[in-house]
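Written out below as structure tokens is the structure these notes cover.
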Amino acid sequence: MMLRRWMAAGLVAVATAGALGAVPATANRPHDPTDRSLRALALRHKLHIGTAVDMAALTDPADPRYRELVREEFSSVTAENEMKWESLEPTRGNYDWGPADAFVAAARRNDQRVRGHVLVWQNQVPKWLTDGVADGSIGTAELREILRHHITTVVSRYRGRIWQWDVVNEAVSDPWDTPSTLHYKGFWAEHLGPGYIADAFRWARAADPGALLFYNDYNIEAFGSGNPADDKTQFVHDMARDLLAQGVPIDGVGSQGHLGTQYGNYDPIQVADALHRFARLGLATAFTEVDVRSRLTDGVQAGDPEEINPRLQASAANFHALLQGCLAEPRCLSFTVWGFTDRHSWVPGWFDDPPEGLATIYDEDYRPKRAYHLIKADLVYAGPPYVLPRVAPKPRR
Ligand code: G3I
């Protein structure tokens with residue numbers, strides 16, 4: 001199709017082959033100069049490159065390339081949906097572990113670390129729970145107990161097999177919400193108050209002393225005004241600082257990294273600065289859900305290279321800015337893309353008016369895009385003194 005042809009024509013040929021053969025041994029294992037995967041190159045910096053995994057695609061016999069690329073290019077994986085509450089406990093008391101177990105088993109076979117996603121979030125909560133709260137049959141005390149039980153059950157089942165848990169996800173409002181002053185938003189804050197956040201971390205720690213416990217959110221890639229009333233990054237920073245001051249076992253803050261080429265976005269220096277400020281609190285960081293979408297204008301859909309190529313370049317520049325920022329901060333442990341191919345991306349299904357897409361590092365036919373080559377170049381050409389190996393944190397008690 002026209003669109004795909006022009007995307008392929010827009011690919012840049014990054015001349016990395018010579019340099020790739022010259023890279024030094026990794027900290028974890030000897031560097032294999034023939035292994036030019038993202039995962040091998042990133043492990044030179046003790047950085048894990050991850051992807052969200054769509055289990056339907058991973059288990060589709062007709063889509064072997066998806067499985068190959070998950071295995072070959074990534075050393076960390078996140079289940080896109082299978083570890084969310086509505087997937088795990090569709091009816092009360094009946095956990096369906098099948099898909100999540102299969103996901104964790106596949107990660108183990110592929111020698112991949114797992115980011116557990118997600119324990120507490122206001123979306124994809126089972127209907128029996130939201131209905132029960134709405135009709136008054138589940139009161140506040142019972143709701144808190146249900147949450148404790150869920151966290152304990154899930155974290156215990158996968159104890160020792162999860163590297164980083166997203167314990168609480170997207171708890172903070174955005175400036176476009178009402179009221180516009182930033183606040184704790186959503187189902188859990190409305191029904192339990194913001195104290196559920198500290199509770200959730202404590203319950204998760206009790207169930208797995210070895211996992212790194214993360215708070216995860218979007219629109220926190222860089223600091224803004226510095227006023228927590230309108231600067232979400234500052235709000236999250238101050239929240240994490242206060243949790244630490246209370247002795248809450250939070251180990252890290254995950255920055256999702258859902259960007260769009262139509263926005264202003266960030267440069268690597270701003271991104272590194274934000275990560276440094278979280279690190280100064282004593283926290284690990286990670287990019288957890290990176291994708292960079294674009295408007296699918298009429299011209300893009302018609303295959304016009306003058307409309308497509310600038311978007312591919314802008315998308316690549318944003319992946320690059322986030323990865324360079326992460327490389328510059330030794331406590332930035334992993335860089336996860338939220339799907340790696342436009343064939344399986346949440347973006348077109350969610351942003352359809354106006355339509356958006358082109359958000360990932362491979363096109364729909366699994367051809368690497370400019371973004372893939374640019375982040376590969378970042379991994380190849382980075383090194384001391386500005387890029388040092390990652391510092392592995394100890395889970396906080
Ligand atoms: O499982 C049902 C299936 O039975 C049904 O036939 C189908 C019909 O639409 O829907 C399926 O559920 C969909 C689910 O993905 C699994 O594919 C939901 O409709 C759809 O809403 C859901 O979207 C997910 C979204 O979270 C839900 O909030 C996306 O795949 C997933 O990429 C997205 O991920 C979130 C992160 O967890 C948190 N940060 C933001 C990120 C993007 O929204």
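The shown structure was predicted, so the numbers you read here are calculated from the model rather than taken from an experiment. Residue numbers run from 1 in the order of the sequence given. Numbering of ligands and ligand atoms starts at 1, following listing order.
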Nearest neighbour in protein (non-hydrogen) for [atom]:
| atom | answer |
| --- | --- |
| atom 31 (C) of ligand 1 | Glu80 OE2, 3.4 Å |
| atom 34 (O) of ligand 1 | Trp338 NE1, 3.2 Å |
| atom 23 (O) of ligand 1 | Trp350 NE1, 3.6 Å |
| atom 43 (O) of ligand 1 | Trp346 CZ3, 3.1 Å |
| atom 33 (C) of ligand 1 | Lys84 NZ, 3.7 Å |
| atom 27 (C) of ligand 1 | Gln124 OE1, 3.1 Å |
| atom 30 (O) of ligand 1 | Asn81 ND2, 3.0 Å |

Discussion item. Counting C-beta onward and ignoring hydrogens, is there a side-chain heavy-atom pair between Asn123 and Lys84 closer than 4.5 Å?
Written reply: no

Practice prompt. For residues Tyr196 and Arg144, determine if any side-chain heavy atom of one lies less than 4.5 Å from a side-chain heavy atom of the other.
Written response: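 A side-chain contact is absent here, since even the closest heavy-atom pair is not under 4.5 Å.
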
Any protein heavy atom lying closer than 4.0 Å to [atom]?
| atom | value |
| --- | --- |
| atom 41 (C) of ligand 1 | yes |
| atom 9 (O) of ligand 1 | no |
| atom 36 (C) of ligand 1 | yes |
| atom 3 (C) of ligand 1 | no |
| atom 12 (O) of ligand 1 | no |
| atom 20 (C) of ligand 1 | no |

Practice prompt. Check each atom of ligand 1 against the heavy atoms of Glu170 and keep those under 4.0 Å away; list them by number with element.
Written response: 38 (C), 39 (N), 40 (C)

Practice prompt. Could you list which atoms of ligand 1 come closer than 4.0 Å to a heavy atom of Gln256?
Written response: 39 (N), 40 (C)

Suppose we call two aromatic rings close when their centres sit under 6.0 Å apart. Are [X] and [Y] close by that rule?
| X | Y | result |
| --- | --- | --- |
| His258 | Trp350 | no |
| Trp97 | Phe103 | no |
| Tyr372 | Phe319 | no |
| Phe235 | Tyr184 | yes |

Worksheet item: Of His258, His344, Glu289, which has the heavy atom at the shortest distance from atom 39 (N) of ligand 1?
Response: Glu289

Practice prompt. Examine Arg115 relative to Phe214 and say whether NZ or CZ is less than 6.0 Å from the centre of the six-membered ring and inside a 45° cone about the ring axis.
Written response: yes

Practice prompt. State whether the side chain of Asp267 and the backbone N or O of Ile269 hold a donor-acceptor pair below 3.5 Å, judged by distance alone.
Written response: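 Looks like yes, one N/O pair under 3.5 Å.
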
Discussion item. I'd like to know if the side chain of Asp342 reaches the main chain of Ala359, judged simply by a donor and an acceptor atom lying under 3.5 Å from each other, with no hydrogens or angles considered.
Written reply: yes

Worksheet item: At under 4.0 Å between heavy atoms, which part of Trp121 makes contact with ligand 1: side chain, backbone, both or neither?
Response: side chain

Item to complete: Quick one: look at Val118 and ligand 1, take heavy-atom pairs under 4.0 Å, and tell me if it's side chain, backbone, both or neither.
Response: neither

Fill in: ligand 1 to Asn169 polar contact by distance, N or O atoms, under 3.5 Å
no

Worksheet entry | Criterion side chain to side chain donor-acceptor pair (under 3.5 Å) on Tyr158 and Asp208, from CA distance to verdict | CA-CA 8 Å; Tyr158 297 111; Asp208 188 344; over 6 Å; no

Practice prompt. Using ring-ring contact (aromatic ring centres under 6.0 Å, His included) as the criterion, point out the one residue from Trp163, Phe74, Phe335 that pairs with His48.
Written response: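 Only one option passes, and that is Trp163.
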
Discussion item. Could you tell me if Ser334 and Gln164 have a donor-acceptor pair between their side chains, going purely by distance under 3.5 Å?
Written reply: yes

